[in-house]
Protein chains: 2
Amino acid sequence: MKSSGQTTINDVARIAGVSKKTVSRVINRSPLLNDDTRRRVEDVIAELAYIPNPQARALALRRNFLIGLVHDNPNAQMVMNVQQGILEALHGTEFELVVRPVDRGSATMLVDLRHFLERQRLFGLVLLPPISENDTIAKLCAEIGCRYVRMGSARLDDDDHMVASNDCEAVRGATEYLIAQGHRRIGLIAGPHGFRSARERRLGFEQALADAGIALPRSMIADGTYTFESGLTAAERLLDLMPRPTAIFACNDEMAAGVMHAARQRGLDIPKDLSIVGFDDTPVAAHVWPPLTTVRWPIASMARSAALKLTAGLDGEDIVEEPSLFLSTLIRRASVAAPSH
Amino acid sequence: MKSSGQTTINDVARIAGVSKKTVSRVINRSPLLNDDTRRRVEDVIAELAYIPNPQARALALRRNFLIGLVHDNPNAQMVMNVQQGILEALHGTEFELVVRPVDRGSATMLVDLRHFLERQRLFGLVLLPPISENDTIAKLCAEIGCRYVRMGSARLDDDDHMVASNDCEAVRGATEYLIAQGHRRIGLIAGPHGFRSARERRLGFEQALADAGIALPRSMIADGTYTFESGLTAAERLLDLMPRPTAIFACNDEMAAGVMHAARQRGLDIPKDLSIVGFDDTPVAAHVWPPLTTVRWPIASMARSAALKLTAGLDGEDIVEEPSLFLSTLIRRASVAAPSH
DNA sequence: TTGTAAGCGTTATCAC
DNA sequence: GTGATAACGCTTACAA
């Protein structure tokens, strides 16, 4: 070991009595290596507690050991869950996680992202919804040679490049649950236009009503933007209807919390006068009063699989096929009851 | 530009008719450079849209252009705000943000962190509370030669190595507000033992009562762990008291939300029967019913300053002294009123 | 199966 | 002020 710093590949080579290249082969698990040699080198590596320098590897390989998380998702808990899932997958590997929020509205978003990818030569990208729905970004990655996996509410890409939840079916199930409770006048607070998740969730809602033979007048659907305030405003419109809905499905928890405020402000009792269902099962769902019935999707597991897809087949590991489709669960809490009239 | 890939320093040097070293000097804003030369090189750089390769720089400089965010904070919104603040500071620079959650309880935490730092040779670290309160980590950074800035509820280090909020004074102010509303029996739900923020907030609470000449029986203080459930449990104990408190200060919003549930379960009206104040101003504070009066601290600004301290004086930029102390604000919402009896 | 030489794209050293 | 030349620590040809 040179006095100046860390143990290098040269130290290992010298002490093991082999060339650097042989050590390099051991590090990279080259199959064409004498077992004796490999073992000898591995012993020296262990003894010196040698760790290959990621910067040098990055330079030589023309590729960094960084996984990027690209997102424009305003929901903190969601982003954190994704980070946690990715880090779980990356734990014990040489990969690190770099976060990169982007602004969907910005005109320079694509150019910025391209610069970022070209400069940093990331190993791969996990794309969070809603930006993951942008096909141009996927094409950009393919063009630059950066691996990517997109997370989404439905199949956005081929299996190697996406993990998806089944939002449509999940919402259908949740709506069927409301119907089973006896509700017939059910309002929907939809998500923002252009969001795939909004489309899928609305579709599931409509299907459930259609299957049950319940008419869905346009007035029972209010537009929202996934924010608390938009939920509040939309709920005010729905609650002005005569007769008003006995239940409201909000396409995410934030908006459902807004519905609760709107109901409370008019003195409505939840769930007696109004049942409410949300989507996401963010912490707010459990912490509002009454606790919110909602749909939980396995966001951390999905992110974990996404990261594993990215790094699959690198370490000479057995290639385990990661799942691409993930199922959601209806979490039943106190915000739903049979209609009282 | 070679056919294979990106523009390199060699291309710039060749076309500008200077040596690589001179280009390097331009990139690194060396002061000893002929203005003519500099301008010529800069022109070529602009023309070729040349971007220095961060991997090669990292190898040569023995230091990466990565800022690490080390945290063990369970609050998603808080972590996201910090990330946002750091990224704001890093925007337009060559730095990227790497996130590194750690497990405070783990026996190998320090060893893992050391490995991480030695391997990745991070440029610097932003440490989030509560892990930022750990002096051993600061020493580790100093030893390894990794810059760091600690975020905290009070001055944890010298000005170059910390940014702090004034939790003690903020809570004193919030408590004085309750007192000014007429409250005399005020309960405290404290934070976890060993957390500096818990200590500071409790201190502020005690000071305010003492200053107002209000006795604080031990029974009026309940232990919490910054979680919703602990807030609920602690509130149940406080609300069992005879006479019960007319107001409760919870040391964070999560616990305050728990207090609301506990109050609701016993049919207490908020704020008529019980006033509640929280701390942090996380989204839940605005979304519970009634909206929660709470203390907001400028977490993103603090993180931004932390990152700026880390990267200060690099680009030959004017060195602007970043502030070290940040003030909190009391956000008055509907969860507080004068006591009704 | 292993080793040698030549990069990868940058910065540091030390002359000129 | 500027430029050869040698690092930085690793990998990829290409030999042997």
Side-chain angles (χ1 to χ4, degrees), chain A residues 1-42 44-45 48-65 94 118-121 123 145 314, chain B residues 1-42 44-45 48-65 94 118-121 123 145 314:
Chain A
M1 192 187 314
K2 281 200 294 188
S3 58
S4 62
Q6 310 274 12
T7 313
T8 75
I9 199 172
N10 291 307
D11 303 317
V12 178
R14 187 165 31 77
I15 295 177
V18 297
S19 74
K20 309 160 53 157
K21 181 60 215 175
T22 302
V23 179
S24 172
R25 288 202 177 88
V26 172
I27 296 171
N28 296 287
R29 302 176 205 252
S30 160
L32 14 89
L33 250 183
N34 190 324
D35 275 353
D36 281 355
T37 319
R38 156 167 293 132
R39 211 160 314 130
R40 197 165 73 245
V41 173
E42 279 174 346
V44 176
I45 287 179
L48 297 183
Y50 163 69
I51 299 176
N53 179 316
Q55 284 78 43
R57 302 238 288 154
L59 181 57
L61 287 169
R62 297 134 160 272
R63 178 208 303 152
N64 228 322
F65 289 90
E94 57 198 333
E118 286 181 340
R119 269 184 70 145
Q120 299 296 333
R121 302 187 191 239
F123 183 88
L314 259 201
Chain B
M1 194 186 312
K2 281 200 290 187
S3 58
S4 62
Q6 310 274 13
T7 314
T8 75
I9 198 171
N10 291 306
D11 303 317
V12 177
R14 187 165 31 77
I15 296 178
V18 296
S19 74
K20 317 160 43 153
K21 184 60 209 172
T22 300
V23 178
S24 174
R25 287 201 179 91
V26 173
I27 296 171
N28 295 286
R29 301 174 204 254
S30 160
L32 14 89
L33 251 183
N34 190 326
D35 275 353
D36 281 354
T37 319
R38 157 167 292 131
R39 212 161 312 129
R40 197 165 71 244
V41 173
E42 279 173 346
V44 175
I45 288 179
L48 298 183
Y50 162 69
I51 299 175
N53 179 316
Q55 284 78 44
R57 300 238 287 157
L59 181 57
L61 287 168
R62 295 130 163 275
R63 175 207 301 156
N64 228 322
F65 288 89
E94 57 199 331
E118 286 181 340
R119 272 184 67 146
Q120 298 297 333
R121 301 185 190 244
F123 183 87
L314 260 200

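Just so it is clear: chains get the letters A, B, ... in the order the sequence lines come, proteins before strands, and each one is counted from 1.
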Problem - Distance, rounded to the nearest Å, where B/R39 contributes CZ and D/dT2 contributes P - result: 12 Å

Practice task
Examine D/dT2: is either OP1 or OP2 under 4.0 Å from a nitrogen or oxygen in the side chain of B/S19? Give yes or no.
Solution key: no

Problem - Length of the line joining A/N64:CG and C/dG9:P, which is rounded to integer Å - result: 14 Å

Practice task
Ignoring backbone atoms, test whether B/N28 places a side-chain nitrogen or oxygen under 4.0 Å from the OP1 or OP2 oxygen of C/dT11.
Solution key: yes

Practice task
Describe the nucleic acid contact of A/L59 in one word from base, sugar-phosphate, nothing, applying a heavy-atom distance below 4.0 Å.
Solution key: base

Problem - Nucleotide C/dG3, atom P - distance to CZ of A/R14 in whole Å - result: 15 Å

Exercise for the section: For A/D36 and C/dT1, give me the distance from atom CG to atom P, rounded to whole Å. Expected result: 12 Å

Practice task
Grab the CD-P distance between A/E94 and D/dG9 for me, whole Å please.
Solution key: 17 Å

Practice task
For B/I9, report the nucleic acid contact type (base, sugar-phosphate, nothing); a contact means any heavy atom under 4.0 Å.
Solution key: base

Fill in the blank from the handout: Comparing B/L61 with B/T37, nearest DNA chain D nucleotide closer to 5' gives the residue B/T37

Practice task
Choose from C/dG9, D/dT2, D/dA13 the nucleotide whose nearest atom is closest to any side-chain atom of A/K21.
Solution key: D/dA13

Exercise for the section: Quick one: closest heavy-atom pair of A/Q120 and B/E94, and the distance? Expected result: NE2-O, 3.9 Å

Problem - Donor-acceptor contact below 3.5 Å, side chain A/R38 vs main chain A/S30 - result: yes

Practice task
Given side-chain contact (heavy atoms from CB on, under 4.5 Å), test A/I9 with A/I27 step by step and report yes or no.
Solution key: CA-CA 10 Å; A/I9 199 172; A/I27 296 171; 4.2 Å; yes

Completion exercise
Of the candidates C/dT10, D/dC10, C/dT2, the side chain of A/A60 sits closest to D/dC10

Practice task
Classify the nucleic acid contact of A/V23 as base, sugar-phosphate or nothing, counting any heavy atom under 4.0 Å across all strands shown.
Solution key: nothing

Practice task
Rounded to the nearest angstrom, tell me the gap between atom CD in B/Q55 and atom C1' in C/dG7.
Solution key: 16 Å

Handout entry: Pairwise distance CD1(A/I15) to CG(A/L48) - rounded to 0.5 angstrom
Key = 4.5 Å

Exercise for the section: Whole angstrom is fine here: how far is it from CG in B/N10 over to P in D/dT5? Expected result: 14 Å

Practice task
State, to 0.1 Å, how close B/R119 and A/P54 come at their nearest heavy-atom pair, and which atoms those are.
Solution key: O-CD, 3.4 Å

Exercise for the section: Return the nearest nucleotide to the side chain of A/T8; candidates are D/dG3, D/dC10, D/dT11. Expected result: D/dC10

Practice task
May I ask you to evaluate whether B/T22 reaches the phosphate of D/dG3, defined as a side-chain N or O under 4.0 Å from OP1 or OP2?
Solution key: yes

Handout entry: Whichever of B/N53 and B/R25 has its nearest DNA chain C nucleotide further upstream toward 5'
Key = B/N53

Exercise for the section: Evaluate the side-chain proximity of B/I51 to A/E118: yes if any heavy-atom separation is below 4.5 Å, no if none is. Expected result: no

Problem - Residue closer to the 5' end of DNA chain C, A/K20 versus A/P31 (nearest nucleotide) - result: A/P31

Handout entry: Spacing of A/F65 atom CZ relative to D/dG9 atom P, expressed in whole Å
Key = 17 Å

Fill in the blank from the handout: Assert: residue with more 5' nearest nucleotide on DNA chain D, out of B/D35 and B/R121, is B/D35

